[in-house]
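Below is one structure, written out as structure tokens, with a few remarks after it.
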Amino acid sequence: MTMTSDSPSRAPLPLQIGQGSPVHRSLQVLGLAVLVALAILGSRTNSFQVGLLTQALIYAIAIAGLNLVTGYTGMLSIGHSAFFGIGAYTTGILVAQHNWNPLVTFIVSFLICFIFGLIVGLPALRIRGINLALVTLALAVAFPELIDRFPGLTGGTLGLNVNLTQLLPPHWTGIGIQNRFEYYYWIAAVVLALVLVLCANLTRGRSGLAMRATRDRETAATAVGVNLAWIKVFTFGISAAVTGVAGSVFAMYLGSLSADSSFTLTLSITLITGLVIGGVATIVGPIVGGLAVIYIPHWTENLRQGQTEGLFFGTILIILMFVMPDGLMGLLKRLSRHVVRIKPRAPEVAMAVSEELLAHRDRSADPDPEGKGDTTLAVS
Amino acid sequence: MQLFLEYLFAGISNGAIYAALALALVMVFRGTGTINFAQGEMALFTTYIAWGLTTKNVPVVLCLLIATAAGFVLGAVTERVLIRPIERKSLLATLIVLLGLFLALNSLDGILWGNQNYTMPSLFPNAVSSFITVGGARLYWANLGLWIVVAVLVGAMFQLFNHTRLGLHMRATASNRESASLSGIPVGRILMLGWGFSAAIGAIAGVLLTPLSPDSLGVGEMFPILIQASAAALFGGLDSPGGAVIAGLLMGVVEALLSGYVPAIGGQLQEAIAFVAIVLVLLVRPQGLFGSKEVERV
């Protein structure tokens, strides 16, 4: 997605802050502190709110995964509901049928979904753009059918139920059975934090540049030495793995799984909607997106049961693409540039050359290449 | 033999619908370079309009015509208002807008007409006894009529593409928009027409398909068909109208025979199977069976 570039005017207002300077560091710490404070504040609300927030955090994890492949690398995936489902069923089956500790299953989910992601990413080597979107669409459609096809493993259409006692918080947390949603909330929050750190690290530096170059112009990316095959398949794998872990947390939170109601194409569209609302190719965007896709239907459900949600989301998707294609975080980022600018550190020579090449690939390219770390993290 | 023919007839009917919708998808793809995810929902919307008119005792033929016209307007307006401003930005943006349209139209159907299913009256004699016997198998008039209408429709489209000035303009726009524009072709109007025709074909397919089985008009009716149609379009090659029609028919027939003779993979798994097969084909021939190779100028 091309970013709308604002002219690099040097008005007196944009404060220049050097990257890595004490001011920048303290801003980053402040931003982090605000996020932690918000997370603690969220856990203190009533249990219904905590439940909603947990769902929002789970969706945020899933959207962060989708963001890697669709936002940063530009491959539209309509199949992430399937990865979410695979993660959820991995946890569900391991806990319900093999008595695993739910938290340990997260790692298994991550690995299994990574492998599935690699497999789905393979067609991306030969199939591009619109055809690839259709292949992932096939995945989304096929997943619930496959789940129903193997009832011995997955419970089929009846669903898969996990015994509540296996999902209770351990004793050391001091959280009782009646407050168990607070436990799930913190698990979701911690997983989300880990995932965002992972995404921030992946999307900055060389791999991030390679992803963006692949998105913006494949041929040019190959020309500057990006290994397209590796970037595409790897991104699909990691993206699927992250979304799969979201599914695991979801399985733990919900305790009962049914493919026909939870892991359909609608979920994929919801994730895409969240991504677009929050802002594609931003680190904090998925959090905003997760909150949006949970709270907007919650607030609008009084208007008319169920039906309006789709109309509302559909209309929002369309309107956003017209007026705010970068989403809320993109907008915030653009506005904040008028107030504060993070001056990047002088990059190493080799890096500078490849970045220069990338910056010239397209006249509409952002004058301030984004690979310099996500500045919004500190500002928002 | 009789059983085989009955499966075959059912397959050709489904295949004709897939072919029609695949043709509609290909028309949009050739013009705009995108898959219209909302194609099925546009068809469903216009089918609802036709059904709504039949409940007011409007003759079915007239309903079909009105629905077709409504489809044309819906498609053309979508192109002009939603697609043209956004397609310059990126393919991703266009796809997301179409997903949004898919979602919005589907819920709008639910809001306007409710969640229950309706039976649509047929254009052709549709009584239990209105069939002819071919080789011991029953061929219903509704099916036969559907084949004829789709055949005429496809024939007319090919006539339009290959033997009219408008078709020439459409082909020119599809092959190189800038050059077409430089030679004086009103590219914008051609694109609008393309989307309009495509949605009109969808409307006809919807109105013909729905009466084939009772209680089939519902909010979820068109999505599986869109899936099959897009699989067919991919299979035949997204830029090849002939490929789309052949692949659509083929898929309908293979699907009917499979679910008839191999129940283990029929029924619920059909869509999954169809797509897996097509992904495999795409891995070998990314441009589909009849599509032309994508050449990128650097």
Side-chain angles (χ1 to χ4, degrees), chain A residues 1-2 4 70-71 74-76 78 120 122-123 125-135 137-139 141-146 148-149 215-220 223 265-266 268-270 272-273 275-276 280 304 306-322 325, chain B residues 29 33-35 37-38 82 85-86 88-112 114-115 219 223-224 226-227 230-231 233-234 238 267-276 278-280 282-288 294 296-298:
Chain A
M1 202 157 300
T2 40
T4 34
T70 299
M75 300 182 281
L76 178 62
I78 317 175
V120 176
L122 279 179
L125 300 180
R126 293 212 57 173
I127 305 172
R128 292 196 294 164
I130 191 80
N131 298 20
L132 182 64
L134 282 173
V135 171
L137 173 70
L139 185 68
V141 173
F143 180 73
E145 292 179 8
L146 286 173
D148 290 347
R149 205 71 187 182
R215 172 191 68 190
D216 292 339
R217 190 141 304 171
E218 282 193 3
T219 323
L265 180 75
T266 316
S268 281
I269 300 183
T270 307
I272 294 172
T273 313
L275 179 63
V276 172
V280 288
R304 184 160 174 166
Q307 300 283 0
T308 36
E309 188 185 324
L311 186 59
F312 202 76
F313 271 162
T315 318
I316 280 193
L317 263 183
I318 295 172
I319 293 175
L320 275 181
M321 288 324 287
F322 276 86
Chain B
F29 181 82
T34 180
I35 280 276
F37 286 125
L82 295 181
I86 210 83
R88 267 174 243 126
K89 290 188 181 169
S90 70
L91 178 62
L92 186 60
T94 317
L95 290 179
I96 290 174
V97 164
L98 285 171
L99 271 183
L101 188 63
F102 162 81
L103 200 59
L105 271 182
N106 191 282
S107 328
L108 191 62
D109 287 341
I111 292 170
L112 290 179
N115 272 332
V219 285
F223 181 67
L226 175 75
I227 296 283
S230 46
L234 267 180
L238 273 175
Q268 283 217 310
L269 264 187
Q270 278 172 6
E271 282 158 22
I273 296 266
F275 251 112
V276 169
I278 279 138
V279 168
L280 292 179
L282 284 184
L283 282 178
V284 186
R285 268 185 79 84
Q287 68 271 34
E294 193 184 343
E296 196 173 350
R297 195 177 292 235
V298 182

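So you know, we letter chains A, B, ... as the sequences are listed, proteins then strands, and number each from 1. In this text the structure is predicted, and so the values were computed from the model without any measurement.
Put simply, of A:Leu122, A:Leu265, A:Ile319, A:Ile316, the one with the most heavy-atom pairs under 4.5 Å next to chain B is A:Leu265. Listed options B:Leu99, B:Leu103, B:Leu82 were ranked by heavy-atom pairs under 4.5 angstrom with chain A; first place goes to B:Leu103. Top candidate by heavy-atom pairs under 4.5 Å with chain A, chosen from B:Leu91, B:Leu238, B:Ile86, B:Leu101, is B:Ile86.
Of all non-hydrogen atoms in A:Leu311 and B:Ser107, the two that sit nearest each other are N-OG, 3.0 Å. Taking every heavy atom of both residues into account, A:Ile318 and B:Val97 meet most closely at CG1-O, 3.6 Å. Closest of all the heavy-atom pairs between A:Ile78 and B:Phe37 is CD1-CZ, 3.4 Å. The two residues B:Leu95 and A:Ala133 come nearest to each other via the heavy atoms CD1-CB, 4.2 Å.
Evaluation of the ring-ring contact (aromatic ring centres under 6.0 Å, His included) rule for B:Phe102 yields B:Phe223 as partners, not counting sequence neighbours.
Heavy atoms closer than 4.5 Å to chain B are found nowhere in A:Thr266, neither backbone nor side chain. For A:Leu76, the parts sitting under 4.5 Å from any heavy atom of chain B are the backbone and the side chain alike. Neither the backbone nor the side chain of A:Leu139 comes within less than 4.5 Å of any heavy atom of chain B. Contacts between A:Leu320 and chain B at a heavy-atom distance below 4.5 Å are absent for every atom of the residue.
Using modelled atom types, one side-chain atom of B:Lys89 and one backbone atom of A:Met321 make a donor-acceptor pair closer than 3.5 Å.
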